[in-house]
Amino acid sequence: MKPVSLVGVFAHFDELMEALQKVKEKKPERLVVYSPVPHHKLEEILEPKPSPVRYFALAGALTGLFGGFGLAIWSSLKWGLITGGKPIVSIPPFIVVGFELTILFGALATLVGLILTHQFPAYKIPGTYDARFSVDRFGLAVRVSQEQRNEFEAILKSAGAEEVHVR
Amino acid sequence: MRRRDFIKLLGVASSASVATSCGLTPENSQKLIPYLVPPDREIIPGKGMFLSTTCTECPVHCGISVQVRDKVIQNRHRQVPIKIEGLPGHPINDGRLCIRGQAALHRLYHAERFKQPMRREGDGQFAPISWEEAYQVILQHMAKVKSDQRKIGYLSGRTTGALAELMDSFCTHVGVEKLPEYEPLFPASVVNASFALFGRKELPEYRIDRCDFLLSVGADLLETFGNPVQNSRRIAAQRKKGTFRWVHLEPHVSLTGLNATQRLTPKPDSEWAVIAYLLQRVHQSGRAKKTLPGSVLQEVPQLSIEKVEELTGIPKEKLQHLEESFFASDRPLTIAGGVSTASQNGAFLAALTGLLQWATGQVGATVDYTTAVDYSSVGSAAAMESWLKELDQGRIGVLFISRCNPVGTAPQSWQLHHRLKKADLVVGLADLPDETTALCDIILPVSHSLESWGEVSPRKDVASVLQPVLDPIYETRTEGDILLDLYRLELGAAETVDYREYVQKRWRKASSSRDLPTLMQQGYYSVSAEKRPVRLRETRAANLLRSARPQEKTEAAIVYFPPSLRFYDGRSRRLPLLQEIPDPLSSVSYGRWIAVSVATAKRLGIRDRDELRLGIGEWETQIAARIQPGLPEGVFVVYRDQLDAYPVHHLNPAGEPLSFLSGARLEKTGARVALPILSGSTSDHERGIIAHFKEEKESKHEPQVQMYEPHEHKVYRWAMAIDLEACTGCSACVAACYQENNIPLVGKEEHVRGREMAWIRIEPYYTGEEAEFLPMMCQQCDNAPCEPVCPVYATYHNPEGLNAQIYNRCVGTRYCSNNCPYKARRFNWFDHEWPEPLSWGLNPDVSLRNRGVMEKCTFCVHRIRSAKDAARDEDRLVLDGEVVPACAQTCPADAIVFGNLLDPESRVAKLARSGRAYHVLEELNTQPAVTYLSPHKKEGE
Amino acid sequence: MAVKRWIVPSIFFVFLSGLALVLLGQNLLWKRVYRQPEQPIAFSHEIHVGKLNLKCTTCHTTVEKSIRAGVPAVATCMSCHKAVAADRPQVQKLREFWEKKEPIPWEKIHNLPPHVYFSHKRHIQAGIDCATCHGEVRVMPEIRQVRSLKMGWCVDCHRAKAAPLDCYTCHK
Amino acid sequence: MKTTDLTYSEVNSLVLRMLEPPRKAYFGILFFLLSVVGIGVTAWAYQIFRGMGVTGLNNPVGWGVYITDFVFWVGIAHSGTLISAILYLFRARWRTSIYRSAEAMTVFAVLTAGLFPLIHLGRVWLFYWLFPYPNQRFLWPNFRSPLILDVLAVSTYLTVSSVFFFIGLLPDIAAARDQATGWRKKVYAVLSLGWKGTHRLWHHYGAAYLFFAALATPLVISVHSVVSWDFALSIIPGWHSTIFAPYFVAGAIHSGLAMVLTILIPLRKIFKVEKLITLDNLEAMAKMIILTGLIVGYAYATEFFIAWYSGNQYEYEIFRWRATGDYAAEYWIMVVFNSLIPLLFFVKRIRRSVAWLFALGILINIGMWFERYVIIVTSLAHDFLPYAWGHYKPSLVEFAITLGSFGWFFLLFFSFAKFLPAISIAETKELLPLPVKRGGKRG
């Protein structure tokens with residue numbers, strides 16, 4: 001039997017949370033919460049561990065730092081032209097180079113990280129999505145087997161879902 | 001859209017085309033053009049060939065060495081001059097050259113040159129005709145004039161040597177009356193005096209190098225009087241000795257005055273009193289080496305020192321000081337001339353001066369008549385009266401006017417404007433249009449001296465050689481050839497075919513032993529001048545003194561019209577380069593201005609660039625004001641070359657036109673004039689930019705604390721030392737630099753915007769009445785502020801200590817220029833036009849810079865390069881003095897010394913160690929490669 | 001099966017087209033870098049250097065003493081060709097120029113930008129062989145450029161030979 | 001009424017209403033701005049083909065209006081990042097409604113500023129030599145040159161702030177997508193990168209956003225410091241000064257805030273979003289302007305004191321001359337408009353009057369432009385060597401290009417305001433109380 005997707009549409013956050021608690025205990029195949037705003041409670045329940053994006057940021061920043069100094073020093077040694085009686089490798093100005101590239105690569109890496117960690121851009125809008133989720137409604141979508149279907153439907157309803165759709 | 005614009009468009013779109021090109025020189029054409037036949041003159045491509053000839057920009061006639069390059073022009077190989085330098089060993093200038101000589105190529109390549117003979121049509125316009133036609137017209141008129149018993153006159157500028165000889169025989173044979181030669185700056189009073197006193201119609205050579213005290217009265221020794229190049233050279237040499245003192249008396253202010261040890265400003269036309277006083281003191285104190293006969297002496301006015309003070313306005317103690325130092329010296333040289341003799345009492349002054357020279361025993365010593373300049377053929381303004389009258393009465397039917405511009409420079413009393421119309425035919429022999437050619441009926445284009453054979457005699461004892469360095473650019477002929485042609489056409493057979501043969505005949509006669517090539521290389525040969533001793537002619541002297549009694553009336557509101565450093569008597573006025581270079585006193589480049597004293601300016605509330613209405617008698621003109629420190633109250637100066645007609649009528653007893661007009665009316669029109677004053681301030685604001693020498697001062701070179709490890713130079717560290725004591729501000733270096741480095745002339749508007757392009761400039765800094773002149777160029781700093789700010793390494797410090805500027809790498813941020821404390825860098829705001837034939841004179845060793853690129857002095861790196869190349873061939877190092885930048889090469893005062901600082905024995909290294917050495921803006925620790933030697937403080941008024 | 005029969009031909013086709021592309025591209029590249037304009041006279045270095053074994057300095061007389069190698073004067077050419085091969089059409093052309101007293105407008109092949117100072121003399125005296133920059137002209141029926149003559153190329157050699165690297169060495 | 005009285009759906013409708021198809025007047029203005037840009041472009045083209053000579057620049061004054069404009073626009077950019085990033089880290093609630101437009105302003109201002117280094121180049125067709133890229137010559141830029149540091153800083157700043165801007169937009173574009181129809185829907189769909197507001201997305205998004213803010217904060221400080229070093233690293237009296245970095249950063253924020261006022265006040269009026277961009281927000285900015293104004297004023301005073309105290313004659317002369325010389329008028333405009341006029345904001349009535357805020361905002365902008373003009377021009381015109389002193393008067397071309405830059409900036413902002421949510425929907429909602437059943441009001 002093919003599994004089905006249920007989505008409950010909630011008007012209130014507390015109702016959503018209640019439903020979420022119950023549903024989570026039942027361990028459905030898949031569980032997605034749609035929300036117009038971020039909220040730390042959701043994260044606590046669904047995504048306890050911090051986002052891997054930070055690793056990207058760090059890696060990028062370091063690349064920039066070493067890349068910046070490296071380029072500046074290597075390229076000035078290449079010809080060794082004296083300007084203004086200053087040493088060929090004059091660190092103070094190179095600090096700026098290093099710094100700027102640190103920021104640049106850090107930021108770009110973070111972007112890449114964000115895109116990779118959550119298969120951006122994912123243009124396919126799943127059936128369980130609802131335009132109101134970007135306005136003032138919360139959505140709780142689960143994927144369950146046919147036999148569990150009624151059970152979950154009941155949970156959502158009881159928690160206070162305005163509507164429950166089967167997709 | 002024009003094609004060139006379209007190319008530019010592409011250039012912007014695809015960087016490549018523009019990026020790589022820094023201007024195209026003829027040598028870099030896309031075609032590879034071979035000789036048809038290898039040239040007879042052995043010339044190595046890419047190398048210069050040097051030919052000796054003589055400069056004819058002014059009557060001094062310096063020997064010059066012209067650098068000729070082989071170029072491909074219009075798909076033909078052509079050998080063209082690109083630079084003129086003084087000819088080493090030449091008795092007149094020994095290797096040095098003045099600003100005008102350096103600019104001579106701009107006459108050769110001038111766009112407005114007469115390109116073929118021309119005839120005035122009915123409508124008054126000139127129309128080109130062939131030489132034959134021109135000759136026909138002239139001969140017809142000559143025939144007619146002769147037939148009805150009228151005269152044919154030949155008026156020319158001062159003529160000497162071969163041409164003078166030829167001219168004489170031409171005139172006698174063809175029946176032409178040779179009129180007295182016309183020379184606007186002819187020092188008639190002085191020559192007249194020396195004729196009366198010593199029987200010589202000559203201007204003696206003043207041996208400043210032999211005197212130990214120099215008293216000059218009005219004579220602008222450094223601008224136009226006598227031989228300026230040699231004068232400044234000798235003065236500089238004397239100064240180096242240390243004991244030499246030089247007092248200059250002048251009623252106005254001049255470059256010469258500002259360079260004297262002491263400058264005294266007597267009331268206009270009262271200079272004679274000082275000399276009269278000295279003369280009698282010489283006798284009273286019995287110091288006279290040769291006592292004057294009583295008959296003469298009694299004509300010398302007896303003046304008490306108080307009287308002199310009253311007449312001249314020079315304070316007593318100054319006079320006493322002058323007297324003392326005059327008598328203290330045993331070889332005091334007195335020179336009178338310039339505006340002081342070209343004045344009412346000038347004739348008297350000149351006579352007194354001659355007597356003083358005689359009495360102090362200087363005639364024959366420092367006043368040398370054996371090497372004098374012969375003026376016997378030149379006529380004073382008075383001497384012109386006779387033929388002018390004849391012209392007026394229509395008794396001169398045909399008039400030749402050659403190499404002079406009387407209409408523009410002669411006194412108004414000549415009334416040439418309508419008198420010239422009285423002649424049937426006026427034939428002008430000229431190279432450039434001027435006020436006179438505008439009134440001619442026929443114009444015969446004369447070749448430039450660089451296109452001509454010839455021989456002139458700058459001094460009695462010297463004959464200087466002229467040889468062509470290039471084929472005539474246009475259908476022009478030399479005056480000699482024109483005379484020979486007319487001779488032939490009139491009388492059939494002539495003794496010689498052409499002028500070339502004529503002069504070479506002379507040379508073979510003269511230089512019996514020497515063969516022509518060596519003669520032509522040497523550029524001159526000496527002529528045996530008669531050596532009969534100079535005697536004083538009592539009666540004539542007495543008569544002169546009697547006839548020229550001085551007037552004691554003091555003139556008010558005087559405007560002086562002195563000749564100028566840049567344009568001489570006005571003949572060089574049309575040379576673009578000379579207009580581009582500012583006058584060293586006022587820092588004004590283009591346009592006309594009147595110099596106003598600080599006091600007067602304050603009184604009348606005049607500011608720089610105010611337009612003034614200047615009126616004297618019925619003569620009136622609008623002219624811009626420029627405040628001139630050092631100028632006495634109530635005295636004004638307008639250079640005579642800035643007037644298109646010389647407003648003076650009056651002549652002095654010696655027949656010399658006055659150099660000033662009195663009773664000037666001056667008022668502000670309220671308008672402002674866009675006068676290009678290139679100087680931001682005439683004072684150095686106590687910034688120690690001019691550091692006067694103080695005896696107690698040690699070498700200013702205690703090493704400054706360096707933040708970084710100083711970089712070392714391996715073999716060479718090119719450096720320059722500039723002696724401000726010697727530098728006179730004559731600006732010859734500036735002209736040389738322009739010509740050597742293809743520096744574009746940008747014109748008046750750009751100068752007004754403050755965008756002059758000179759790589760080296762003369763900065764006058766006034767303190768009170770005195771001034772010092774500071775040649776400023778790229779200082780090639782060791783710690784150059786311009787370098788680290790360039791984002792693309794277009795400028796950097798090279799291993800030989802040069803501050804290199806790589807034009808084609810420059811993207812034009814202009815930060816380097818901003819950060820240069822000496823503001824020595826120049827930005828190319830536009831592309832520059834080099835129309836033919838001006839482009840022929842470009843130096844192929846120096847790339848052209850196009851718009852958006854920064855440029856600056858390179859210490860003539862191309863000269864360094866070729867010197868190193870030569871040294872490399874002989875597997876040695878460059879010797880001291882082997883590299884000479886253009887500026888140093890031409891400097892008449894030898895103020896600029898260039899060399900390798902790492903060689904402790906080099907001249908520059910020694911000077912850099914000397915106690916007078918200092919750097920401009922030393923406290924910025926830029927460590928310049930240019931060292932200045934501080935001048936001694938002037939004694940002042 | 002049906003597919004099998006197509007595998008080999010299709011792969012073959014891909015290879016061919018790939019090869020064609022490479023050749024085409026390379027050809028374009030060649031054209032862009034090295035210009036080889038039509039010369040007024042089809043002078044052959046192959047004959048003069050290759051066959052007749054003339055030394056370079058026979059015609060390029062100033063190469064050892066000047067910054068420029070020097071292109072031979074028309075007279076120089078005629079000194080031989082008055083007699084030698086006078087009947088050949090190309091030599092006829094030469095004669096025409098000579099009689100018209102016109103210099104031959106050779107197309108310049110080895111062009112350096114105007115801001116570059118390059119001295120043949122120095123390089124010859126440093127023992128650099130002409131071929132280093134001009135290629136083996138003895139095998140060139142028509143002269144052509146075989147080196148980029150760009151700054152990078154010069155600098156490579158200067159680094160390798162420890163020649164001066166100061167910008168002023170070559171930039172004027 | 002206050003923002004917090006709104007409901008989620010009201011926020012959506014308020015903001016998205018701004019994106020409704022524009023009216024005729026809008027296109028009119030659009031055309032006007034385009035033609036202004038056209039003037040600037042023409043002038044630039046003319047300058048490129050003729051040469052820099054068409055400007056009023058000369059020797060000694062090698063920099064003038066162009067660099068002034070550059071510093072001015074970079075300055076404008078700064079407050080945007082300040083509001084969006086720094087205040088975000090400080091959790092300043094009042095920033096929420098304005099940060100989006102401020103951020104947009106940043107991006108567009110940098111886009112404008114970035115043009116001027118090119119415009120002032122003598123050989124702009126070689127601008128790419130300023131970037132480190134491998135080439136056959138083996139040549140690299142001079143990393144010691146402040147100008148290169150500047151290129152790096154500004155290009156980094158542009159990249160980072162654009163990314164930051166775009167990421168912040170994602171949820172709102174999604175919201176727009178869900179409302180919009182037709183082609184607009186398609187475009188938004190693409191731009192939203194398929195945002196669905198799932199819990200995982202919000203999770204990573206939060207983390208990323210935090211990092212961007214954390215990176216942007218030091219960046220914004222560094223950028224204007226580097227810009228100031230364009231001058232401070234020279235030796236020119238009046239430029240060569242250690243206070244320049246803080247002085248310029250403060251000045252930048254000063255002008256930036258003023259510009260935010262100048263832009264937001266009309267914006268909230270036209271789009272009727274006074275409920276979201278409240279007077280409190282504006283007042284908060286006015287208060288910050290007082291602070292920055294004081295800092296700038298202090299800097300002016302310090303400059304003079306140091307010039308006198310250092311006993312350096314060049315330094316002293318240049319400041320004496322600034323206040324009394326050829327450019328005295330410009331100098332006093334700068335002093336009055338930047339450090340005195342902001343003090344008016346101490347008066348609550350002025351601080352809370354939209355008209356006053358708008359007027360003073362504009363004055364401060366003018367003042368800050370002149371600050372840069374005075375610093376750049378006077379120092380160059382009157383430096384070490386008296387002979388080389390000069391005078392600079394801007395030319396028509398420079399004026400036209402400056403005008404064009406304003407046209408360009410407002411054109412960008414104008415198009416943005418109509419096409420993208422100019423106020424953050426998601427973050428505004430975060431300000432509102434969560435809709436909860438028990439004890440909460442109905443959402």
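Values reported hereafter were calculated over all heavy atoms of this structure, with side chains retained and with hydrogens, waters and symmetry mates removed.
The aromatic rings of D/Trp239 and B/Tyr815 lie perpendicular to each other, with more than 60° between the two planes, well past the 30° mark. Using cut-offs of 30° and 60° on the angle between ring planes, the pair B/His751 and B/Tyr590 is perpendicular. The aromatic rings of D/His120 and D/Trp63 sit perpendicular to each other, their planes meeting at more than 60°, with 30° as the lower class boundary.
Counting heavy-atom pairs under 4.5 Å between each of D/Leu149, D/Val151, D/Thr55, D/Asp150 and chain B puts D/Thr55 at the top. Of the residues considered (D/Leu139, D/Val61, D/Leu130), D/Leu139 shows the highest number of contacts with chain B, using heavy-atom pairs under 4.5 Å.
In this structure, the portion of B/Arg825 lying under 4.5 Å from any heavy atom of chain D is its backbone and not its side chain. In this structure, chain D has no heavy atom under 4.5 Å from any part of B/Glu750. Proximity to chain D is limited to the side chain of B/Ser817, based on heavy atoms less than 4.5 angstrom apart. For chain B, the nearby part of D/Trp140 is the backbone; its heavy atoms alone come within less than 4.5 Å. Using a 4.5 Å cut-off between heavy atoms, D/Ile67 makes no contact with chain B at all. Neither the backbone nor the side chain of D/Phe131 comes within contact range of chain B; no heavy atom of the residue lies under 4.5 Å from a heavy atom of that chain. For B/Pro821, the parts sitting under 4.5 Å from any heavy atom of chain D are the backbone and the side chain alike. Residue B/Tyr796 does not touch chain D at all, counting heavy-atom pairs closer than 4.5 Å. Of the two parts of D/Tyr392, neither the backbone nor the side chain holds a non-hydrogen atom closer than 4.5 Å to a non-hydrogen atom of chain B. If you measure heavy-atom distances from B/Ile762 to chain D, the contacts under 4.5 Å come from the backbone alone.
The distance between the ring centers of B/Phe827 and B/Trp829 falls below 6.0 angstrom. In summary, the aromatic rings of D/His391 and D/Tyr327 are positioned with their centroids under 6.0 Å apart. If you look at D/Phe244 and D/Tyr247, their ring centroids are closer than 6.0 Å.
Cation-pi check for B/Arg849 over B/Tyr807 is met; the charged atom lies under 6.0 angstrom from the ring centroid and within 45 degrees of its normal.
From B/Leu724, atom CG reaches atom CD1 of B/Ile689 across 12.0 Å, with rounding to the nearest 0.5 Å.
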